[in-house]
Amino acid sequence: MEKEMEVRPAFSIRSSNTMQHNSSLGMPQGPSSSLPCLSAPLEDRQPKFPSTQQAGMGKELRPSTVGPLTGPVASNNGVVGPIFSTGSAFSNDLHFSSSISQRQGHSSSSPFISQASSNFISQESSNFISQASSNSTSLSLLHSSQSGDIFQPVASDFTKESNDVSWSSDPLQGFLDFPDNVGESSQHNGMDGDDQTRRTDWGAWTDQLIGDDETLPAGWSDLLLDTNAADPQPKPFCQTPKLSSDFKVQQGPLPQLAPALSGEFCSVSSPSSGNGGTNKARMRWTPELHECFVEAVNQLGGSERATPKGVLKLMKVEGLTIYHVKSHLQKYRTARYRPDISEGNAEKKMTRLDDISTLDLKTGIEITEALRLQMEVQKRLHEQLEIQRNLQLRIEEQGRYLQMMFEKQSKGGVDKLKAQIASESDPSVPSDSTLSLSKTDFSAKESVERNNATITLEEPHVNTQSDSGSQYPPAKRLKSGDPSSSISE
Amino acid sequence: MKYGNRLRRQIEETLPEWRNEFIAYKDMKKYLKTLSHTSLSLEEARFICLLNAEIEKINNFFLEQEEDFIIRQKELQDRIQSTIATFGANGVRPSETEYEEAMAKIRKDMVNFHGEMVLLENYSNVNYTGLGKILKKYDKKTGRFLRLPFIEKVLGQPFLMTDLLSKLIKECEKTMQALFPVEGGGNEAWEESIFRNTVAALVTIREMRRGSSTYSPFSLPPIDDHGDHFSLYSLIPIQ
């Protein structure tokens, strides 16, 4: 992680979820900064995860690491799980990032570049979509997720030399109409595709993007959901600013999307991402950063006197733009000098909770009581929300685990399966899983997802997806409603 | 359309300035109706574009609110400290009444602040649920498999990274506990239990009227043909 910290001094990682490392933008070495985030959790095994939820997500990350994948590629039903070889993808990533950073010259294009990098990151992790939906578009490419076979090409894509971009498959076809200089077409991975050539030499594409140094295609800002990624880095002035920001790239022409599409569907999101201004970045503030901000403001004589420029200079946080400071300063002034307004809204908002209280609010004691009750309700809601959130995360985790298991089983042979069927294990450690069970679960889950049938386990689905499936009838039929019993957390 | 109803109610009851910031669930469902059963890449691309727009909207709002909370939290802390320093026992001009008054105001503000933060947490949750559901509907309608990978991506979005928010909430609770310790009086406890039971009863009745959030083969068929069938995890209802 230290290495990455040097690369991106100003950014801190709030959460090392790979999916989110589409940004770390704004740095001159934008793309490279995103990659460390990507690799960090996997390499460091999430040492930084402060909470269980993050730990859970971190665990999820491992399974979803990109890795070289070989094997059958299902077509439309190919909900292929990822293959987990944690190391390979990231070495590729780093290679990619370094190749990117070499090409970067100017910080002025950093948002642009980081956008590009975020493209790649999301693409890398989004291969699953592109595989899963054979006709999915480049948009779907940008959605991070786990992926099956597609990951290999992606990983290799990140190396300039690689020409194999099977992950691009159909989705890319239709919508990433790369100019000629982009280069070679990808290998075919068995997915039915469009007629368009697969120009998915990401290295060349990156070159082209960076070379343009103009606005990114308008659609990208819509397509890409940048998330935050940052590394904690001590700063001279601000001790541990955790600066993470999202950078949206401004609107621009869409040379690389098929003309029929470019104007059309992304116009929906254009307004929302049409920030009007140039390179309007989405900053994610943290308390530490805010402290730094406040110190700077105080040094400059208070919130009324301080100017955004002065504060920016004093804070010395890389990646922070004057725009960020300006809007934050505005909020700060509002909060300070008109606290009645900030809190006043809250009064109205909380009225309904007060209404719930059956107490007469005339005396101070009763007001106190009402407040206490209000607080109780809020605390309970908070508890419930946390529980629900954890459950949701677990559910997704299980879903991925099942897929992964299924994928592994379909790739391995029956012998391997038998060898692997053993005691329960941690979901994030695939090799110990009970594959037959998971396959059953997976097929059950699949059928649920696909057909809205409920609990029936459908052999045909299994057979469709893997050859070994047909020879290997599920050893156990679980109640679909109880997947957790077979897979330990 | 259980979730849709719930979302609608939530939006109705929510803070005015939040009303437009929730996921446009109903609109997305309408869009789904226009899709054919075989999905075209174009349609899928458009759908994804819509989703992205929603996610961006949610992210932006969430981050804005979070930033506000960070600022307000600091301000509250400063206020507390200055109140203690000024009117407190060892303060510059100790005055119990003024201290009490100031503290009462702070208490009210803190409770509201806490509430808003919890509501933002809820906002995050509600929208995530909506996204999951609309993705499920999409998969069902088109027979494709957009949900799993897409939802994974969603999981990485800022609006679902609620650790900071959680932390702020817990700090707020701690501070409240320190400043305004809750004595468990007999009367208070009784009233509180009544109140709680009332609220719980209301919630239960609501839930019962809305039916189960999961369906098993033995459940009544859903009213809406786009109802949820995520019965695999029936033990873990997603509300």
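A, B, ... follow the sequence lines: proteins, then strands. Residue 1 opens every chain. Everything numeric here is computed off the predicted structure, so don't read it as measured data. What you see below is based on every heavy atom in this structure, not just the backbone, and it leaves out hydrogens, waters and symmetry mates.
Here the OG1-CD distance, from B/T162 to A/E386, works out to 6.5 Å after rounding to the nearest 0.5 Å. We find the CG-CG distance between A/L371 and B/N112 to be 7.5 Å, quoted to the nearest 0.5 Å. Atoms CD and NE2, from B/Q73 and A/H290 in turn, are 8.5 Å apart once rounded to the nearest 0.5 Å. From B/L119, atom CG reaches atom CG of A/L385 across 9.0 Å, with rounding to the nearest 0.5 Å.
With a threshold of 4.5 angstrom between heavy atoms, B/M176 approaches chain A through side-chain atoms but not through N, CA, C or O. For a residue to count as touching a neighbouring chain, one of its non-hydrogen atoms must lie under 4.5 Å from one of that chain's; by this rule B/I71 touches chain A with backbone and side chain alike. The part of B/E75 that comes within reach of chain A is its side chain, from C-beta onward, which places non-hydrogen atoms under 4.5 angstrom from that chain.
Using a 4.5 Å heavy-atom threshold, the side chains of B/L148 and A/E396 count as touching. Using a 4.5 Å heavy-atom cutoff, the side chains of B/K74 and A/R336 are not in contact. Contact check for A/H382 versus B/K170: side-chain heavy atoms found under the 4.5 Å cut-off. Put simply, the side chain of A/P287 reaches to within 4.5 Å of the side chain of B/L164, judged on heavy atoms. The side-chain heavy atoms of B/I169 and A/Q378, taken from C-beta on, include no pair separated by under 4.5 Å. Taking 4.5 Å as the limit, some side-chain heavy atom of B/L160 sits within range of a side-chain heavy atom of A/R389. In this structure the side chain of B/E121 never reaches within 4.5 angstrom of the side chain of A/L381, judged on heavy atoms. Contact annotation: the side chain of A/Q392 never approaches that of B/L155 to less than 4.5 Å [non-hydrogen atoms, C-beta and beyond].
Closest approach of A/R284 to B/F62, counting heavy atoms only: NH2-CE2, 3.4 Å.
Around atom CD of A/Q330, no more than 12 heavy atoms belonging to other residues, nucleotides or ligands sit under 6.0 Å away.
Scored by the ring-ring contact (aromatic ring centres under 6.0 Å, His included) test, B/Y128 finds no partners at all (sequence neighbours excluded). The salt bridge (Lys or Arg N to Asp or Glu O under 4.0 Å) test applied to B/E64 returns A/R282, A/K331, not counting sequence neighbours.
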Test side chain to side chain contact (heavy atoms under 4.5 Å, CB included) applied to A/Q374 and B/K108, step by step
CA-CA 10 Å; A/Q374 179 179 342; B/K108 185 162 80 133; over 6 Å; no
